[in-house]
Every structure is written in structure tokens, then in C-alpha cells.
Amino acid sequence: MAKLPILLYPDPRLHTVAAPVVRVNDDIRNLINDMGETMYAAPGVGLAATQVNVHLRIIVIDTSPTRDELLAFVNPELIAASGEADFDEGCLSVPGIYEKLRRAQNIRVRALGIDGQPFEWAAEGLQAVCIQHEMDHLEGKVFVEKLSRLKQQRILAKIKKRQREDSHPAK
Ligand code: NI
């Protein structure tokens, strides 16, 4: 297992649309394990392959309080969505930024599991929001891009300021 580097917004590679996984083989299972390790170490509740610069349709999440229920979805498809949920969202690719977004409260997803078998998964609340957030990454979308132009500009300015400070630390 290995921890993988996470792409940081506004890295243009985060805008890549991920390709479907053709076969869930050992390479894919190793990638899923590495993504899990990377997510737990960060720490985060979800990670899309896009964020580790692998442009395949794979997401992992764990919204359990005990942090021991890793869920992996290969080629996830949203097959039902209902209700509305407002959560403060964050993203490992946009560290330190949290913004409220509205998403579906209840969803149903079809995907392949780590065994390559299709399954359906129903999620609600935080877990549903997390899955929707990660599925957006596979479309090359970062959550801040759902915010108003003004908010996006403020976030970009904040990130640029932080990068400048990081490259020229105050003495
Ligand atoms: Ni994210």
C-alpha cells in the first residue's frame, strides 16, 4: 500500500473527465487500497481517483464515525435522487475551504464492487452528499465551481495568497 499525492485546486488536471474501468483487476484493487490509505491519512471522508491523478471512474468513501467502513464504487452511476440536503463541504484538493452546498438528501447508486460484481447502494444525508461530491470529481468538477463567481474568485485569491506565503515564509 502507498499514500498517493493529491492534486490541489486549481490544478487543471482536476478538470479531466474520468474514463470507465474496463475490468476490476488486481491493479484496480491496489489502486483502491492506496486511495483508501490516502483518504484515511489526509484525513478525509471521500476521495476520487481524479484527485490522485488517475483518470478512471473510481471513488472511495468512509463517513462512519469509527473510520473502518471503506466503501469503493467503480463506474458509479446515480440511478435515483430525491430531497434536499445542505452541508458544509470541504475537499482534500481544496484544503481549508468549507462552503455550504445543496445536494440530494437520498440517492441510489449502481456501481461495480472490488470483486467486479455490480451492486446498488442507497445513501442518505452526509454519505449521500459525499458520494455526489466524489462523483462530481469524475466529471472533472470541483465543489467550489458550484458556488457563485464572486465566491470562487475569493477562494482563488485566498489559495494564491497562501501559496505565496508558503513559497516565501515570513522570517
Ligand atoms: Ni473533493
Report the distance from atom OG1 of Thr38 to atom CG of Leu47, rounding to the nearest 0.5 Å.
-> 6.5 Å
Indicate if Leu101 and Tyr9 have the same hydrophobic cluster label, given that clusters are the connected sets of ILVMFWY residues with side-chain heavy-atom separations under 4.5 angstrom.
-> yes
Do the non-hydrogen side-chain atoms of Met39 and Leu70 ever get within less than 4.5 Å of each other?
-> yes
What closest approach, in Å, do Met135 and Pro76 show between heavy atoms, and which atom pair accounts for it?
-> CE-O, 3.5 Å
Same apolar cluster: Val54 and Met35, side chain cutoff 4.5 Å | yes
Hey, is the main chain of Gln51 close enough, under 3.5 Å, to the side chain of Ser93 for a donor-acceptor pair?
-> no
Considering all heavy atoms, the nearest Tyr40-Asp62 contact = OH-OD2, 2.5 Å
Ala72 to Val60 - nearest heavy-atom pair and separation = CB-CG1, 4.1 Å
Looking at Gly44 and Arg67, what are the two nearest heavy atoms and their distance?
-> O-NH2, 2.7 Å
Any side-chain heavy atom of Thr63 within less than 4.5 Å of one from Leu71?
-> no
With distance as the sole test, does Asn75 use its side chain to make a donor-acceptor pair with the main-chain N or O of Pro20 at under 3.5 Å?
-> no
Are any of the side-chain heavy atoms of Ile59 and His137 separated by less than 4.5 Å?
-> no
Below 4.0 angstrom, N of the basic side chain to O of the carboxylate: do Glu120 and Arg110 qualify?
-> yes
With no hydrogens and no angle check, is any side-chain donor or acceptor of Gln132 less than 3.5 Å from a backbone partner on Ala104?
-> yes
When rounded to the nearest 0.5 angstrom, what is the spacing between SG in Cys91 and CG in Leu14?
-> 7.5 Å
Does Ile131 reach the side chain of Leu78, with side-chain heavy atoms less than 4.5 Å apart?
-> no
Test log, rule side-chain contact (heavy atoms from CB on, under 4.5 Å), inputs Leu112 and Val21 | CA-CA 9 Å; Leu112 301 178; Val21 172; 5.9 Å; no
Counting heavy atoms not belonging to Ile114, are there more than 12 under 6.0 Å from its CD1?
-> no
Indicate if Ile61 and Val109 have the same hydrophobic cluster label, given that clusters are the connected sets of ILVMFWY residues with side-chain heavy-atom separations under 4.5 angstrom.
-> yes
Could you give the distance from CG (Asp26) to CZ (Arg29), rounded to the nearest 0.5 Å?
-> 5.0 Å
Separation between OG1 (Thr50) and CG (Leu138), nearest 0.5 Å, reads 4.5 Å
Indicate if Val52 and Val45 have the same hydrophobic cluster label, given that clusters are the connected sets of ILVMFWY residues with side-chain heavy-atom separations under 4.5 angstrom.
-> no
Taking the side chain as C-beta and beyond, is there a heavy-atom pair between Asp136 and Glu145 under 4.5 Å?
-> no
May I ask you to decide whether Arg103 forms a salt bridge with Glu89, counting only side-chain N to carboxylate O separations under 4.0 Å?
-> yes
Would you call His15 and Val17 a side-chain contact if the rule is heavy atoms closer than 4.5 Å?
-> no
Inter-residue atom distance Ile97.CD1 - Gln152.CD, 0.5 Å rounding = 12.0 Å
How close do Gln105 and Ala85 get, heavy atom to heavy atom, and via which atoms?
-> OE1-CB, 3.2 Å
Spell out, yes or no, whether Leu147 and Leu92 are grouped together once hydrophobic residues are joined by side-chain heavy atoms under 4.5 Å, including indirect joins.
-> no
Would you check if Asp11 and Asn53 make a side-chain contact, meaning some heavy-atom pair closer than 4.5 Å?
-> no
Is Glu134 salt-bridged to Arg57, going by a charged N under 4.0 Å from an acidic O?
-> no
Once you round to the nearest 0.5 Å, how far does CD of Glu99 lie from CD1 of Ile155?
-> 4.5 Å
Begin with the C-alpha distance, continue with both residues' side-chain angles, and end with the deciding distance and a verdict on side-chain contact (heavy atoms from CB on, under 4.5 Å) for Leu56 and Ile28.
-> CA-CA 9 Å; Leu56 292 172; Ile28 296 295; 3.9 Å; yes
Do other residues, nucleotides or ligands put more than 12 heavy atoms under 6.0 Å from Arg154 CZ?
-> no
Flag side-chain contact, heavy atom, 4.5 Å: Gln127 against Trp121 = yes
